[in-house]
Amino acid sequence: MLPAATTARANANLALVKYWGKRDARLNLPASGSISLTLEGLAVEARVAFDGGEADRFEIDGAPAEGDEAERLRHFLDVVRMEAGQRQRASVATRSTVPRGIGLASSAAAFAALALAGSRAAGLRLEPPALSALARRGSGSAARSIFGGFVEWHRGERPDGHDSIAEVLASPEHWDLRVVAAVTTRAPKPVSSRAGMARAAASPLYPAWVAGAEADLAEARAAVRARDLEALGLIAESSALKMHAVGLAARPPLLYWNGATVECMHAVWALRAAGTPAFVTIDAGPQVKVLCEPADAPRVAEVLAAVPGVERVLTTRPGLGAEVIA
Ligand code: DP6
């Protein structure tokens, strides 16, 4: 008899040194390591029950999941079933605490919550490293959302990926930073991270991107340990811009930004030139996230909100890792 339904919650994370490229697409193994900050309040709750029936059933924010989304969830449940050695079909419901479709409700939070809830519901009690490896199979960045605070996900060397797991660099209490996010569109992104990475791998700049990763990771690790915002901000900005440069040089080109994305960057750089330490990072979409001190967050938010095309501004802080809530 399997345990009853399990519900877990996990927060999204913001990559400071980006994951952008895979060494194994099936196992979701990254071409290089990455470092992130788990963010409070940008959470997904997932409830999983292996309750039998003919087929798996999925509900996302109250609506049945379909197409590719359902396929990706089904595939992830197959991985959980394989690990647990059981065959029962499941019902899965996820609920996001961030409005959907603003490019901040990430697959990282969803698959971290699903890895924890799914493995428990299947009768497994995985330690955090094994949970991280499981979450990675759903979405690479989910490997990091198992943990709170500052997190490093290792590339690993093994072909089976057992060493490609995340670990804590520093707890959320280590450093009270703010991340101010500017939403520049609510339209769903036209190119997913997964598809974007596949395209970027053929870019002439891709080898240079991969070759530079270790140095970026070392710099970011040291900056986190020293709580050096200037050092961390500059490396985060550079990692993000290099990631986007790889896409720009690809054929066909890959550009996730809109006009407001660019204007936000200029606004933040002007603020910085005037003495406020604030640093930009951008993921596979047009939203801009800014790293700054708590005392400067209201000013950063004000400046971003004044950029034409910015629809909404959200401020968040370091958050906790995945937890079982019911
Ligand atoms: C730009 O983890 O969503 O946010 O492993 O294919 O599911 P898959 O990709 P995903 O990619 C995240 C890319 C990124 C950078 C990062 O989070 O490190």
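Just so it is clear, the values below take in all heavy atoms, side chains as well, and ignore hydrogens, waters and symmetry mates. Just so you know, ligand 1 is whichever comes first in the structure, and atom 1 is the first atom listed for that ligand.
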* Structure fact -> The option among Arg144, Met243, Arg136, Lys18 carrying the non-hydrogen atom nearest to atom 16 (C) of ligand 1 is Arg144

* Which heavy-atom pair separates Ala115 from Leu134 by the least distance, and what is that distance? -> O-CD2, 3.8 Å

* To do: Measure from atom 13 (C) of ligand 1 to every heavy atom in Phe111, Tyr19, Trp153 and give the option owning the shortest one.
  => Tyr19

* Asked: Between Trp20 and ligand 1, is there a nitrogen or oxygen pair with a distance under 3.5 Å?
  -> no

* Given the rule in the salt bridge (Lys or Arg N to Asp or Glu O under 4.0 Å) test, do Arg178 and Glu293 qualify, once you have shown the distances and angles that lead to the verdict? -> CA-CA 6 Å; Arg178 291 294 175 273; Glu293 299 282 3; over 6 Å; no

* Asked: Any donor-acceptor pair under 3.5 Å linking the side chain of Thr97 with the backbone of Ala43?
  -> yes

* For atom 2 (O) of ligand 1, closest protein heavy-atom neighbour -> Ser141 OG, 2.6 Å

* Could you list which atoms of ligand 1 come closer than 4.0 Å to a heavy atom of Ala15? => 16 (C), 17 (O), 18 (O)

* Near Arg194, which atoms of ligand 1 are under 4.0 Å from a heavy atom of that residue? -> 5 (O), 6 (O), 7 (O), 8 (P)

* Structure fact -> All heavy atoms of Ser107 vs all of Ser139, minimum pair found to be OG-OG, 3.0 Å

* Asked: For atom 4 (O) of ligand 1, what's the nearest protein heavy atom and its distance?
  -> Asp283 OD1, 3.5 Å

* Asked: Going by distance only, is there an N or O of Ser139 that falls short of 3.5 Å from an N or O of ligand 1?
  -> yes

* **Min N/O separation Ser34 to ligand 1 under 3.5 Å** => no

* Verify side chain to side chain contact (heavy atoms under 4.5 Å, CB included) between Arg194 and Lys22, making sure each step is shown before the conclusion. => CA-CA 9 Å; Arg194 193 157 288 189; Lys22 304 186 196 233; 3.7 Å; yes

* Under 3.5 Å donor-acceptor, Asp56 side chain and Ala90 backbone -> yes

* Given that the side chain starts at C-beta and the backbone is N, CA, C, O, which of these parts of Asn28 lies under 4.0 Å from ligand 1, counting heavy atoms, or is it both or neither? -> side chain

* Asked: Taking Ser164 for the side chain and His154 for the main chain, is one N or O donor matched with an acceptor at less than 3.5 Å?
  -> yes

* Hey, is the main chain of Ala46 close enough, under 3.5 Å, to the side chain of Arg95 for a donor-acceptor pair? -> no

* **Nitrogen or oxygen of Arg72 less than 3.5 angstrom from that of ligand 1** => yes

* Structure fact -> Within 4.0 Å of some non-hydrogen atom of Ala284, the atoms of ligand 1 are 1 (C)

* Asked: Which of the numbered atoms in ligand 1 are below 4.0 angstrom from a heavy atom of Gly140?
  -> 2 (O), 5 (O), 7 (O), 8 (P)

* Donor-acceptor pair, Asn28 side chain versus Arg136 backbone, under 3.5 Å? -> yes

* Structure fact -> for atom 6 (O) of ligand 1, nearest protein heavy atom and its distance come out as Lys22 NZ, 2.6 Å

* With backbone taken as N, CA, C and O and side chain as the heavy atoms from C-beta onward, which portion of Ser107 lies under 4.0 Å from ligand 1: side chain, backbone, both, or neither? -> side chain

* Counting only N and O atoms by type, is there a donor-acceptor contact under 3.5 Å from the side chain of His244 to the main-chain atoms of Ile282? -> yes

* Do Met197 and ligand 1 have an N or O pair less than 3.5 Å apart? -> no

